[in-house]
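A quick note: this is a predicted structure, and the numbers were derived from the prediction, not measured. Counting from 1, the numbers follow the sequence of the chain as shown.
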Amino acid sequence: MLNAVRVPRLPSHSGSSGSAMMALMLALTLVAGTAVAQTPLPPPYNYDEPLPKGPRPLPAWQYLTLGETKRNYRMPVYANHNLGKALKGIRRVIVVLPGARRDAGRHYQDIEALVNRDPNHKNETLVLALEFPTSVDANFAKLPAWRKSSWEIGGKSIQASGRPAPISAFQVLDDIVRWLADRKAIPALSDIVLAAHGSGAQLLQRYAVLNDLDGAVRRDGLGLRYVVANAPSYLYLTGERPRRTGGGYASYERGICPTYNQYPYGPQQLPAYASDPGPASLYVRYASRDVVYLLGSADNNPEDHGLDKHCAAEAQGATRLSRGLGYLGYDHLLAHRGSPPINLAHTPQRVMGVGHDATAMFGSQCGTQALLGHDARIAERAASCEAITPAP
């Protein structure tokens, strides 16, 4: 409806009647034009337009029975195959760990989508998205449970009535790898991929350093790969950290952070799980393991809400990207410190234009290949990658 316009009273003499009429018409035209400009009509809605497709609904939880016969326990997973049936055609298993938000469901959907897109891998790939329950999860009352984020550094589950005896998150990963490597359930298995983004990647990087199973699994003819994406911090094996001013590494100031070199950030006070506490031998073993590092080139916000702000993490850098780049340079430094240098089996990749986004990281060109192999089908809009050449 048009707003009322007050038109001034015009003189009554006849000589001005034409001018008065023109003024009135002009005023009404201006008002009408203003009203149209302020309240434009929306375009007609196309009711036949299909709605955008949402993510596929999550399947029901399945449970892995792990551990020794008399002290076994169960862990919840999302899986793309029925674990109660024969898995004779499976050749590759991708075990994805949750992040800080306990987002096993989202990670499952991301990786299942990658697998389903590729007909060469769809039927022969088993996806297991693992969850670490907490004590408040009513649906997992009789399962191991961890206090908050203690699982992220390999911590033990709680001691509580009705739950299994305390077990470390490292032991859970060991038991999953053992179950897969046994090949009773999956006789054609050739590759195991452990993958994680964010806080789960923090656990996975430390597991890659500390576990004792890797060598035996590979000697038995299985591939074992660790895909570490946008970890919030890393396990250093000496007291060196990236210099604040840039260029090289040096011992960090204990006055700034007295605990900077303690586990989970350094080699002091390693958990009992680490059977070999010698940093030098741990590194030599770690250097030979198939580790793919994925760093988002835009994961560079020092004020990110989920960023680890502990002073020992800050000693590694201000952002996840700077911490990752600093650790890769340190990795290169240690490998070339001795004579002859150690042959690094690690593959560092920068995912271009991607921040702290698990979907884009795993779905990138290098992320897809790390999960499914170099012959994997890459999505048309997948983020590109650049190999990182560390400069210590």
Side-chain angles (χ1 to χ4, degrees), residues 66-68 71-73 75 95 97-100 102 130-135 143-160 163-179 194-196 198-217 224 226 228 231-241 252 254 257-289 291 308 310-316 323 327 330-331 334:
L66 304 170
E68 300 174 358
R71 298 187 61 185
N72 60 30
Y73 61 96
M75 290 293 293
V95 181
L97 311 187
R102 303 176 65 249
L130 179 66
E131 186 64 278
F132 287 96
T134 69
S135 56
L143 277 58
W146 282 259
R147 286 189 177 88
K148 296 184 178 179
S149 59
S150 62
W151 61 268
E152 295 176 15
I153 59 172
K156 289 187 176 183
S157 59
I158 61 174
Q159 176 78 55
R163 295 191 186 273
I167 184 170
S168 76
F170 289 138
Q171 188 62 52
V172 172
L173 297 183
D174 268 358
D175 288 340
I176 291 175
V177 172
R178 283 196 182 98
W179 173 69
L194 305 178
S199 295
Q202 178 170 267
L203 170 65
L204 184 56
Q205 192 266 337
R206 286 149 180 81
Y207 180 72
V209 174
L210 300 177
N211 81 77
D212 290 333
L213 286 182
D214 185 284
V217 169
L224 179 56
Y226 313 84
V228 179
S233 68
Y234 300 82
L235 175 59
Y236 279 71
L237 292 173
T238 68
E240 298 157 286
R241 298 294 184 274
Y252 197 69
R254 289 187 179 275
C257 185
T259 60
Y260 88 94
N261 209 30
Q262 293 180 9
Y263 186 81
Y265 305 98
Q268 296 175 357
Q269 301 180 18
L270 289 175
Y273 173 80
S275 60
D276 185 349
S281 56
L282 282 176
Y283 180 75
V284 170
R285 190 177 67 174
Y286 176 58
S288 68
R289 296 181 172 179
V291 183
D308 186 349
H310 190 280
C311 65
E314 297 283 357
Q316 299 184 14
R323 292 172 191 178
Y327 189 81
Y330 171 79
D331 195 23
L334 291 189

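- For the residue pair Tyr283 and Asp331, a side-chain donor N or O sits within less than 3.5 Å of a side-chain acceptor on the partner.
- The distance from the CG atom of Leu66 to the CG atom of Asp174 is 11.0 Å, given to the nearest 0.5 Å.
- Taking a 6.0 Å sphere around CZ of Arg178, one finds it holds more than 12 heavy atoms contributed by other residues, nucleotides or ligands.
- Between the Tyr226 side chain and the Ala196 main chain, no donor and acceptor come within less than 3.5 Å of each other.
- Atom CG of residue Leu173 and atom CG of residue Leu97 lie 5.5 Å apart, to the nearest 0.5 angstrom.
- Residue Ser275 holds its OG atom at 8.0 Å from CG of Leu282, rounded to the nearest 0.5 Å.
- The OH atom of Tyr252 sits 7.5 Å away from the CD atom of Glu314 when rounded to the nearest 0.5 Å.
- Tested against Ser233 for a side-chain hydrogen bond (donor to acceptor under 3.5 Å, both in side chains), the candidates Gln205, Arg206, Glu152 yield a single pass: Arg206.
- The backbone N or O of Ser135 lies less than 3.5 Å from no partner atom in the side chain of Arg147, so there is not a single donor-acceptor pair.
- The shortest side-chain heavy-atom distance between Asp175 and Met75 does not fall under the 4.5 Å cut-off.
- A cation-pi geometry, defined here as NZ or CZ lying under 6.0 Å from the six-membered ring centre and within 45° of its normal, holds between Arg241 and Tyr236.
- Note on ring orientation: taking the six-membered ring where Trp is involved, the planes of Phe132 and Trp146 are perpendicular (angle over 60°, cut-offs 30° and 60°).
- Note that CG of Leu235 is 6.0 Å distant from OH of Tyr327, once rounded to the nearest 0.5 Å.
- To the nearest 0.5 Å, atom OH of residue Tyr73 and atom CD1 of residue Ile167 are 3.0 Å apart.
- Looking only at distances, a side-chain donor or acceptor of Arg289 sits under 3.5 Å from a matching main-chain atom of Ala208.
- For Tyr273 (side chain) and Ala169 (main-chain N/O), no donor-acceptor pair under 3.5 Å exists by modelled atom type.
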